[in-house]
Amino acid sequence: MSESQQDTRWQSQNPNPMAPRPSTFKAPDVLNYLCADCGAENGIKSGENIRCKECGHRVLYKPRTYRIVQFEAR
Amino acid sequence: MPPRSNDDPRRHVQILPERVGNVSGNDFPGHYPGEDHSWNLKRFKENLIVSLQRLTPSTLEFDLVGVDASIANALRRVLIAEVPTVAIEDVYVWNNTSIMQDEVLCHRLGLVPLKIDPREMIFRENPNAGALDTDTVVFQLRVKCDRQPGTQGETDPKRKYWDSDVYTGMLEWEPAGAQKTKWKRKEPKPVNPDILLCKLRPGQLIDLTCFARKGTGADHAKFSPVATASYRLLPHIIIRSPIPLEHQQKFVQSFPPGVIGIEKDKRGQPQCVVKNSRRDTVSREVLRHAEFEDKVQLTRIRDHFIFNIESVGQYRPEDLVPEAIKILLNKISAVEAGLDKLFDPEV
């Protein structure tokens with residue numbers, strides 16, 4: 001293995017960019033819930049049926065909010 | 001005074017079949033009538049030997065001869081707990097949807113050794129004040145796992161997904177203030193880029209900011225610059241009387257390879273001789289056999305310390321001992337200043 005290959009082996013390989021960190025902590029209008037069965041994202045507004053649009057499964061998970069939490073590395 | 005010999009029984013710690021004898025030294029004033037054992041700088045200098053035995057990019061073995069065990073032990077303890085290094089101390093988790101809990105991931109991050117020269121950073125004075133470019137180094141870790149297109153039927157997660165493994169090499173240094181010019185061509189980074197921090201599956205992501213600070217091993221083991229820092233006493237084997245020809249092979253095999261050799265004496269007779277007692281593990285195997293009773297004496301030299309130090313990577317191994325000695329000297333100066341104050345008639 002060449003030297004340059006060795007250097008990048010442990011670096012990030014994913015070509016898709018990550019979404020930027022939110023600058024404000026405003027609650028979003030539409031939350032993308034995840035289907036417990038098929039894993040599809042479901043944009044559900046209040047008052048709508050709690051049901052996956054892809055497979056009809058009735059269990060949806062709320063994703064973790066993008067907020068900062070401080071921890072001590074101990 | 002004649003040069004001290006390893007055969008001087010006063011320097012010997014006896015290794016006996018069931019116990020260790022003559023453990024403490026008696027070379028203090030008033031023990032031996034008519035001998036001056038008061039501390040003397042000139043004599044100390046004559047007896048002190050420091051010699052490097054082995055040096056690799058990560059390990060160091062050296063001999064320290066002619067000091068008391070308290071000094072050798074102080075050096076070892078300073079190496080482990082007082083020589084400062086830089087490690088991740090605060091982690092700000094923006095998001096972490098991996099299976100690893102935030103607390104566990106942050107703890108793992110703290111234990112990652114960082115290649116930052118601690119001598120170029122200061123201790124953080126006030127934990128409530130803001131971070132300064134002189135006391136904090138910032139790292140960003142932003143990783144997201146995605147499915148690789150066109151990998152149907154693939155079973156290896158490394159080929160099926162992108163970034164299914166999160167390595168320390170993905171920690172990215174974010175220069176702050178004057179750091180960019182200060183650390184040009186020696187950018188802060190983890191010592192090992194190939195430490196696995198966490199595993200991800202498609203859709204999971206880790207996004208966090210790490211603040212690395214200077215600290216000592218006394219506060220947390222993650223700051224310790226040594227993987228091991230230990231010493232042992234030099235083994236010294238005395239063959240009291242010649243080993244009979246028929247037992248010589250057995251005698252050689254009672255020790256690790258290279259410790260005992262067989263050489264021809266002046267009359268051309270093969271004799272067992274001590275080749276390299278440093279390689280002895282002091283297993284005392286030889287003392288188990290009746291035929292070697294009173295023929296051999298196992299000892300260790302009480303003031304000959306063989307140090308073994310393995311650096312984690314923040315310091316070069318040859319820099320660790322001078323740093324430890326510097327810290328030890330500072331401690332001595334602090335005690336000296338305190339004593340001066342205590343006995344000052346003016347106060």
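No hydrogens, no waters, no symmetry mates; every other heavy atom, side chains included, goes into these values. Convention: sequence-line order gives letters A, B, ...; per-chain numbering from 1. What you see is a predicted model, and the numbers here were worked out from it, not measured in a lab.
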Test side-chain contact (heavy atoms from CB on, under 4.5 Å) applied to B/L60 and B/L320, step by step: CA-CA 9 Å; B/L60 169 75; B/L320 275 167; 5.7 Å; no
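- Contacts with chain B were tallied for A/T65, A/I68, A/N16; A/I68 has the most, counting heavy-atom pairs under 4.5 Å.
- Heavy atoms of B/D165 lying under 4.5 Å from chain A are absent altogether.
- A donor atom on one side chain and an acceptor atom on the other are found under 3.5 Å apart for A/N14 and B/D146.
- Side-chain contact between B/D319 and B/S311: absent, with no pair of heavy atoms (C-beta onward) separated by less than 4.5 Å.
- For the atom pair A/K62 NZ and A/L34 CG, the distance stands at 12.0 Å (nearest 0.5 Å).
- Summarising the geometry of B/L79 relative to B/V83, their closest heavy-atom pair is CA-CG2, 4.0 Å, with the distance given to 0.1 Å.
- Checked against ring pair (Phe, Tyr, Trp, His ring centres under 6.0 Å), A/F71 has no partners two or more places apart in sequence or in another chain.
- The minimum heavy-atom distance between A/A40 and A/E54, with the atom names listed, is CB-CG, 3.4 Å.
- Using a 4.5 Å cut-off between heavy atoms, A/R74 touches chain B through backbone and side chain atoms alike.
- At a cut-off of 3.5 Å, with distance as the only test, no side-chain donor of B/S230 or B/N308 sits close to an acceptor on the other residue.
- Of residues 191-202 of chain B, those residues lying under 4.5 Å from chain A by any heavy-atom pair are B/P193, B/D194.
- Crowding of B/E172 atom CD: a count of heavy atoms from other residues, nucleotides or ligands under 6.0 Å not exceeding 12.
- Of all non-hydrogen atoms in B/F139 and B/A212, the two that sit nearest each other are CE1-CB, 4.4 Å.
- For B/R316 and B/E318, the salt-bridge test passes: some basic side-chain N is under 4.0 Å from an acidic carboxylate O.
- For the pair A/C38 and A/C52, the tightest heavy-atom approach, listed with the atom from each and the gap, is SG-SG, 3.7 Å.
- Only the side chain of B/L205 comes within contact range of chain A, with at least one heavy atom under 4.5 Å from a heavy atom of that chain.
- Across all their heavy atoms, A/Y61 and A/A36 have their closest contact at CE1-CB, 3.7 Å.
- Here B/D102 is the residue among B/T97, B/D102, B/T168 with the most heavy-atom pairs under 4.5 Å with chain A.
- Remark: B/K331 NZ is loosely packed, at most 12 non-hydrogen atoms of other residues, nucleotides or ligands lying under 6.0 Å away.
- Environment of CZ in B/R147: sparse, with no more than 12 heavy atoms of neighbouring residues, nucleotides or ligands closer than 6.0 Å.
- Contacts between B/C210 and chain A at a heavy-atom distance below 4.5 Å are absent for every atom of the residue.
- For residues 113-138 of chain B, an interface with chain A (any heavy-atom pair closer than 4.5 Å) does not exist.
- Residue B/R159 qualifies as open at atom CZ: its count of foreign heavy atoms under 6.0 Å is 12 or below.
- Chain A forms more heavy-atom pairs under 4.5 Å with one residue of B/E103, B/E89, B/R142, B/R108 than with any other, namely B/R142.
- Residues from residues 216-224 of chain B that place a non-hydrogen atom less than 4.5 Å from a non-hydrogen atom of chain A comprise B/D219, B/H220, B/K222, B/F223, given in numerical order.
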